[in-house]
Engineer: 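Supplied in structure tokens, the structure appears directly below.
Quick note: residue numbers are just sequence positions, from 1. Whatever order the structure lists them in is the order used to number ligands and atoms, beginning at 1. Quantities reported herein were computed from a predicted structural model and do not represent experimental measurements.
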Amino acid sequence: MRPIYDVERLREDFPILAMTVYGKPLVYLDNAASAQKPKAVLDRLHHAYTAEYANVHRGLHYLANAATEAYEGAREKVRAFLNASRPEEIIFTRNATEAVNLVAYTFGRERIKAGDEIVLSIMEHHSNIVPWHFLRERQGAVIKWAPVDDDGNFLIDEFEKLLTPRTRMVAITHMSNMLGTIVPVKEVVRLAHARGIPVLIDGAQGAVHLDVDVQDIDCDFYVFTGHKLYGPTGIGVLYGKHAHLAAMPPFNGGGEMIREVFEDRITYGEPPHKFEAGTPSIVQAIGLGAAIDYVSSIGKARIRAHEQELGRYAHERLREINSLRIFGTAREKGAIVSFEIKGTHPHDVATIIDRSGVAVRAGTHCVMPLLSRFGVTATCRASFALYNTKSEVDRLAEALIKAQEFFA
Ligand SMILES: Cc1ncc(COP(=O)(O)O)c(C=O)c1O
């Protein structure tokens, strides 16, 4: 682990952060959508393509073995990162979205019939809503929504009231991508398991900003996505308890996931291969392994402390701006600040502050039910990463003050 948290030094690891846009230094605050990549990841991708590239698993030659070793090595890094008990519990997918779909289409479809209930939170990203809506449309399942209060606090007592003898699944975010609210997932799992209900956790934000120990949480499934964790696009992870994975039918069919294929029958391979049909995202998985090494070399707890301080400071600075409405002030929250300038469309605000070099996201953030809960159709969102600084928060505040004057 590095001795002190030297953010200026860490910024040098990310070549893109040295960019200027419109003649101004880039302030990248769109990390909840996708994070920038450190040189360690970029170099690892380059090495994988230039020195150890071939298809994995089925080869007998040197490069096939090198690629397989690196790919399976990445699986082991993910296992350790989540503290899963065995590498077979780690399935590589394209992204978090595909991981949720995998569970809904296999585990979900087998268990959930007409009238059965699925409990989500109102904070879910569409990727943890739509696959369950498919089960509503196709199987007649009923979706129930766990609420948040006006500050965005997750209401665990209200959640518990939704669990009934018909509940077959809980699928819930670890950390909201719009409000930043952190859900007490261990307690959620305890309450669900007490009634025999399995739990999937969407860790697309949680895996980046929070410590994750899937054995301690005791969740049945945990999903995350590589590109938000400083890794490449095109790679995601599904963790599943081995007993579930072994019992689940496969998702996609094709090469790699079978044991034998005959004219009149097929037999399937074991997890994880049963769920990794076709050529996987080999180099992307290797890149994700490098991203995990990078994050671990800094230390997640120290990154979290840095980000929490940035989040606190951002709230302080943005609260000073009269016309700003902030969404999400939960007691437990990560470094994400959603806001609007009253009377102004968030797209206009984001476009204006972009001219000051400040990149934020504006729109629905794929959380339409949550936006409805707060009576809006869009917000702006500034989301922080390990490389952001307080002076970048100041640049955001200055750009917003200018925008406020512009729209007044
Ligand atoms: C909470 C949450 N879940 C799921 C996703 C989907 O991630 P991906 O698009 O990489 O599948 C996102 C991405 O914004 C997210 O923030």
Engineer: Which distance, rounded to the nearest 0.5 Å, do you find between the CG of Asp202 and the OG1 of Thr225?
Structural biologist: 9.5 Å
Engineer: Taking only residues two or more places apart in sequence or in another chain, which ones pass side-chain hydrogen bond (donor to acceptor under 3.5 Å, both in side chains) with Glu160?
Structural biologist: Arg195
Engineer: Are a donor atom and an acceptor atom from the side chains of Glu256 and His57 found within less than 3.5 Å of each other?
Structural biologist: yes
Engineer: Hey, are Arg319 and Glu316 close enough for a salt bridge, meaning a charged N less than 4.0 Å from a carboxylate O?
Structural biologist: no
Engineer: Any ion pair linking Glu309 and Lys390 (charged N to carboxylate O, less than 4.0 Å)?
Structural biologist: yes
Engineer: Assess the side chains of Asp13 and Tyr387: does a donor N or O sit below 3.5 Å from an acceptor N or O?
Structural biologist: no
Engineer: Distances for all N or O pairs of ligand 1 and the protein under 3.5 Å?
Structural biologist:
| unit_1 | atom_1 | unit_2 | atom_2 | d |
| --- | --- | --- | --- | --- |
| ligand 1 | 3 (N) | Asp202 | OD1 | 3.2 |
| ligand 1 | 3 (N) | Asp202 | OD2 | 2.5 |
| ligand 1 | 10 (O) | Thr225 | OG1 | 2.6 |
| ligand 1 | 10 (O) | His227 | NE2 | 2.7 |
| ligand 1 | 11 (O) | Ala96 | N | 3.2 |
| ligand 1 | 11 (O) | Thr97 | N | 2.8 |
| ligand 1 | 11 (O) | Thr97 | OG1 | 2.6 |
| ligand 1 | 14 (O) | His125 | NE2 | 3.2 |
| ligand 1 | 14 (O) | Lys228 | NZ | 2.5 |
| ligand 1 | 16 (O) | Gln205 | NE2 | 2.8 |

